[in-house]
Amino acid sequence: MKDIKELWTSRVLDALENLAEDAEIDSDGFSSRLSVGKPPKSNMGDLSFPLFPFAKDFKQAPPVLAGKVAARLGGEKAGVTIAGPYLNIRIDRVPAISDLLARVESSGDEWGFGTELTGRKVMVEFSSPNTNKPLHLGHLRNDILGESCARIMAARGADVQKVNLVNDRGVHICKSMLAYRKFGENQTPESMGVKSDRFVGDLYVRFSQWAKEDKGAEEEARKMLQDWESGDEEIHELWKTMNGWALSGIESTYKRTGVSFDRIYRESETYLLGKEQVLKGLEAGVFYKDEDGSIRLDMSDIDLDTKVLLRSDGTSVYITQDLGTAINRHDEWPFDQLIYVVGSEQEYHFRVLFYALKKLGYPWADKLRHLSYGMVNLPEGKMKSREGTVVDADDLIDTLSELALAEIREKGREDEVGDASSTAEKIALAALHYFLLQVTPTKDMIFNPEESLSFTGNTGPYLQYMVARVSSLIARASGSVRDAEAKPELLDRDDEWELIRRIAEYPELVSRAADKLDPSILATGLYEIARDFSRYYHEVPIARADDSVLAASRMALARAVLITLRSGFRLLNIPYIEAM
RNA sequence: GGUCGCUUAGCUCAGCUGGAUAGAGCGUUGCCCUCCGGAGGCAAAGGUCGAAGGUUCGAAUCCUUUAGCGAUCACCA
């Protein structure tokens with residue numbers, strides 16, 4: 001379809017340039033002014049070229065010009081019509097259908113893949129959990145964005161490495177450790193029968209309560225951090241144990257949601273990095289020593305203030321280690337792009353970080369990118385851990401899963417589904433992931449628990465349902481339909497052509513999603529295919545069409561729909577199920 | 001206060017480089033199971049695209065101003 005579009009664009013351009021030549025008009029810049037669109041109604045054609053931009057050159061009204069171009073392109077016989085100032089093109093359907101169906105079939109699981117990113121090494125950092133509490137809804141958005149973007153870029157040929165920088169040290173980590181010492185009574189997640197990351201998280205909450213009553217709590221936590229940094233053995237033992245609990249719990253959530261990493265970095269191993277770089281920068285004169293003794297970055301070039309890179313006592317701040325880790329990573333794996341999937345509240349931080357690296361003279365500094373995603377808010381407002389309004393990731397998936405299971409039972413589909421609880425879990429993940437991905441990443445979104453649990457309308461389960469229906473349609477096709485050979489010329493309905501067009505555009509959607517780091521482009525596209533197919537399915541008999549050749553032709557279309565949806569599911573990390 | 005972002009139907013969101021009558025889902029109202037899976041389909045109602053200027057043949061889209069909301073501006077992470 002893309003080729004056809006390009007072909008017609010150049011034909012129209014040629015026609016315009018020829019006309020210009022005849023009239024001795026300068027045709028420079030015509031190509032940049034020629035745009036291609038889609039007529040509002042499909043019966044008007046498949047491609048449209050507005051001719052307003054050339055009216056001035058020719059000193060002719062756009063409709064007159066459109067008529068001349070149309071005539072030159074062969075007029076109606078060639079599929080070219082005019083509608084006022086628009087030049088509309090009707091694509092020759094039969095060869096396009098036959099070509100597309102063949103391409104989808106032969107690509108199979110790799111339908112939608114491409115090569116424009118081949119050879120590019122892309123590192124994607126996401127998730128970044130703290131080892132003092134379980135994952136929450138905000139992490140789920142982060143995780144699915146990172147995972148999905150990684151898969152989409154890989155589909156377009158990139159060599160992707162997914163990394164996770166675990167925040168496993170610092171005063172907040174000490175807080176849950178301190179709470180354990182004070183209130184833990186040597187219990188373990190096993191002895192309490194709670195998920196291990198939840199166990200640690202509960203202690204963190206316990207600390208906050210204690211700190212409210214006792215002003216000395218914060219001070220004790222700071223003291224503990226100092227002891228940790230000086231290598232106190234007992235504290236390190238406790239730290240290892242509790243981090244192990246937190247991490248194994250978090251990892252089981254990753255596993256549950258289908259998120260994975262190629263490399264896990266721990267802040268406890270990286271937090272000392274960067275100091276050297278800052279000192280080198282000071283020597284080179286790109287940073288300066290303030291009169292208070294701290295080493296700073298002057299950002300007046302980009303209209304920002306100054307930023308401390310090293311404290312006056314010589315210790316690191318947050319950005320120091322980020323400088324160090326970025327440099328380390330590039331040394332280890334010279335990436336062409338490094339994408340940080342981090343909330344929009346850290347935009348300032350990344351501006352500073354990228355600027356500092358540029359000042360240090362690293363040419364790859366402009367290959368860094370902050371994929372800044374918006375906050376997930378609740379209808380009542382922000383999620384706040386202090387107020388206990390944070391939505392826990394596991395709880396949320398549990399709830400979704402229970403609802404899905406209840407739905408399966410209510411519909412009496414337990415037998416057809418096989419393992420009902422595992423199917424329910426897959427439906428829950430589809431609901432969750434699709435909900436989080438259908439919104440443009442950069443925008444804040446509102447998560448209404450009741451509404452988002454809905455399984456009807458534009459939702460993940462709706463897409464799964466369509467896939468399940470098509471799957472069973474294909475699985476139950478009779479032998480005569482199976483054996484018959486599809487004839488593209490029998491797919492002559494407008495709704496069939498519309499479906500073909502959407503399927504044909506799918507690879508471009510994947511490509512655009514990769515380029516913009518925006519899976520919502522794909523999510524919307526998949527929904528439209530599913531919706532159109534659903535309408536078609538209601539409208540015409542497919543497997544039960546009048547004769548087996550017609551049935552086989554429609555089945556070929558159904559198969560193309562299935563292949564496309566399944567491909568999209570993989571890229572969006574939405575589980576595929578054959579029955580629900 | 002500075003910087004960045006957001007504002008489209010009652011609600012949640014689409015709207016590709018400016019192009020023909022601004023689209024979905026939910027909710028509301030009314031239809032459709034002798035028919036391949038009703039977690040479905042069809043239809044109706046619902047909009048001065050926050051406001052005001054400007055650029056343009058043409059603006060939800062670009063520019064300026066302005067209002068409301070949010071984030072951010074630590075020797076915190």
Side-chain angles (χ1 to χ4, degrees), chain A residues 32 35-41 44 48-50 52-53 55-56 61-62 83-86 88 130 167 169-172 267 271 290 292-296 303-305 307-313 315-319 321-322 343-349 351-352 372 374-375 377 379 382 404 407-408 410-411 413 416 427 435 438-440 442-448 451-452 454-459 461-462 464-466 468-474 476-478 508-509 512 516 520-521 523-524 527-528 531 534-545 551 554-555 558 579-580:
Chain A
S32 63
S35 62
V36 56
K38 199 179 150 185
K41 287 208 169 133
M44 299 169 81
S48 85
F49 296 88
F52 304 99
K56 258 187 197 161
Y86 293 92
N88 291 336
N130 289 332
N167 187 312
R169 64 162 289 281
V171 69
H172 52 299
E267 218 183 281
Y271 82 107
D290 195 76
D292 60 13
S294 60
I295 296 176
R296 289 173 185 253
D303 288 326
L304 292 176
D305 210 348
K307 175 80 186 175
V308 170
L309 301 177
L310 216 50
R311 293 194 186 102
S312 41
D313 64 4
T315 59
S316 300
V317 288
Y318 183 61
I319 199 164
Q321 66 144 332
D322 261 7
S344 58
E345 70 275 8
Q346 296 208 38
E347 267 165 23
Y348 176 78
H349 170 76
R351 276 185 75 188
V352 175
S372 156
M375 307 212 313
N377 295 319
K382 283 186 68 170
E407 188 88 8
I408 291 170
E410 197 182 313
K411 292 184 188 304
R413 294 198 56 83
E416 272 127 307
I427 294 171
F435 186 82
Q438 81 189 130
V439 181
T440 307
T442 50
K443 287 194 181 178
D444 287 356
M445 66 186 288
I446 291 182
F447 182 85
N448 183 327
E451 277 178 27
S452 21
S454 155
F455 293 157
T456 62
N458 185 1
T459 64
Y462 170 86
Q464 280 182 318
Y465 177 68
M466 286 310 143
R469 276 214 305 208
V470 184
S471 298
S472 85
L473 180 71
I474 290 168
R476 290 175 195 186
S478 70
E508 291 168 54
L509 289 183
R512 206 147 56 89
K516 307 244 181 216
S520 76
I521 293 169
T524 304
Y527 172 72
E528 284 167 352
R531 196 236 289 131
S534 187
R535 191 180 295 150
Y536 175 64
Y537 176 92
H538 272 265
E539 195 81 21
V540 304
I542 297 173
R544 295 184 179 180
R554 291 179 176 168
M555 289 292 268
M580 62 188 281

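All values below come from the heavy atoms of this structure, side chains included, with hydrogens, waters and symmetry mates left out. Chain identifiers are assigned alphabetically (A, B, ...) following the order of the sequence lines, protein sequences preceding nucleic acid strands; residue numbering begins at 1 within each chain.
Taking for each of A:Ala83 and A:Thr456 the nucleotide of RNA chain B with the nearest heavy atom, the 5'-most of the two is the partner of A:Ala83. Residue order along RNA chain B, read from the 5' end via each residue's closest nucleotide, puts A:Phe447 first among A:Phe447 and A:Ala404.
B:C4: Watson-Crick or G-U partner is B:G70, with both key distances under 3.5 Å. When both distances must be under 3.5 Å, the Watson-Crick or G-U wobble mate of B:A43 is B:U29. With a 3.5 Å ceiling on both atom-pair distances, B:C16 lacks any Watson-Crick or G-U wobble partner. Nucleotide B:U56 is matched to nothing when pairs are restricted to Watson-Crick or G-U wobble geometry with both distances under 3.5 angstrom. Across all strands shown, B:A22 forms no Watson-Crick or G-U wobble pair with both key distances under 3.5 Å. Across every strand in view, B:A51 sits in a pair with B:U65 that passes the Watson-Crick or G-U test at under 3.5 angstrom.
Across all strands, A:Pro62 comes closer than 4.0 Å to no nucleic acid atom at all (heavy-atom distances). Contact annotation for A:Met445: backbone-only contact, meaning every heavy-atom pair under 4.0 Å involves sugar-phosphate atoms and none involves a base. Residue contacts shown for A:Pro461 are absent, as no nucleic acid heavy atom lies under 4.0 Å away. Using a 4.0 Å heavy-atom criterion, one finds that A:Arg512 contacts the sugar-phosphate atoms exclusively. As judged by a 4.0 angstrom heavy-atom cut-off over every strand, A:Pro379 is placed among residues making no nucleic acid contact. At a threshold of 4.0 angstrom between heavy atoms, the contacts of A:Val36 include nucleobase atoms, whether or not backbone atoms are also involved.
A:His538 places its NE2 atom 9 Å from the C1' atom of B:C32, with the value rounded to the nearest Å.
Base orientation for B:C31: anti, the chi torsion being more than 90° from 0.
A gap of 8 Å separates the P atoms of B:U61 and B:G50, to the nearest Å. For the C1' atoms, the distance from B:U64 to B:G23 is 30 Å, rounded to whole Å. Comparing the same atom, C1', in B:C31 and in B:A22 gives a spacing of 27 Å after rounding to whole Å. B:A43 and B:C6: their P atoms are spaced 34 Å apart (whole Å). Going from the C1' atom of B:G68 to that of B:U8 covers 16 Å, rounded to whole Å. Look at the P atom in both B:A52 and B:A60: the space between them is 13 Å, to the nearest Å.
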Given A:Tyr462 and A:Tyr527, is the ring pair (Phe, Tyr, Trp, His ring centres under 6.0 Å) satisfied, shown in steps?
-> CA-CA 9 Å; A:Tyr462 170 86; A:Tyr527 172 72; 5.6 Å; yes
Stepwise, does the salt bridge (charged side-chain N to carboxylate O under 4.0 Å, His left out) test hold for A:Lys411 with A:Glu407?
-> CA-CA 6 Å; A:Lys411 292 184 188 304; A:Glu407 188 88 8; 3.5 Å; yes
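The aromatic ring of A:Phe52 does not sit over the base of B:G58; the criterion of centres under 5.5 Å apart with planes under 30° is not met. Judged by centroid separation below 5.5 Å and plane tilt below 30°, A:Tyr86 stacks onto the base of B:A20.
For B:A14, the OP1/OP2 oxygens have a side-chain nitrogen or oxygen of A:Thr440 closer than 4.0 Å. Note on A:Arg469: every side-chain N or O is 4.0 Å or more away from OP1 and OP2 of B:G40. Between A:Tyr537 and B:G37 there is a side-chain polar atom (N or O) within less than 4.0 angstrom of OP1 or OP2. Between A:Tyr536 and B:G40, a side-chain N or O to OP1/OP2 separation shorter than 4.0 Å is absent. Within the 4.0 Å cut-off from OP1 or OP2 of B:G37, at least one side-chain nitrogen or oxygen of A:Arg476 is found. For A:Lys56, a side-chain nitrogen or oxygen approaches OP1 or OP2 of B:C57 to under 4.0 Å. At B:C6, none of the side-chain N or O atoms of A:Lys443 fall inside 4.0 Å of OP1 or OP2 (strictly under the cut-off).
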Can you give one letter per nucleotide of nucleotides 71-77 of chain B, going 5' to 3': B for a protein heavy atom under 4.0 Å from the base, S for sugar-phosphate only, - for none?
-> SSS-BSB
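A donor atom on one side chain and an acceptor atom on the other are found under 3.5 Å apart for A:Thr315 and A:Arg311.
Using a cut-off of 4.0 Å between Lys/Arg side-chain N and Asp/Glu carboxylate O, A:Glu508 and A:Arg512 are scored as not salt-bridged.
Contact of A:Ser48 with B:A20 (side chain to base): a donor-acceptor pair of N or O atoms is detected under 3.5 Å. Side-chain atoms of A:Ser472 come within donor-acceptor range of the base of B:G37, with a qualifying N/O pair under 3.5 Å.
By the 4.5 Å heavy-atom criterion applied to side chains, A:Pro379 and A:Ile446 are counted as neighbours. Taking 4.5 Å as the limit, some side-chain heavy atom of A:Leu304 sits within range of a side-chain heavy atom of A:Tyr348.
Classified by interplanar angle (parallel below 30°, tilted 30° to 60°, perpendicular above 60°), the ring pair A:Phe52/A:Tyr86 is perpendicular.
Ring centroids of A:Phe435 and A:Phe447 are separated by less than 6.0 Å, placing the two rings close together.
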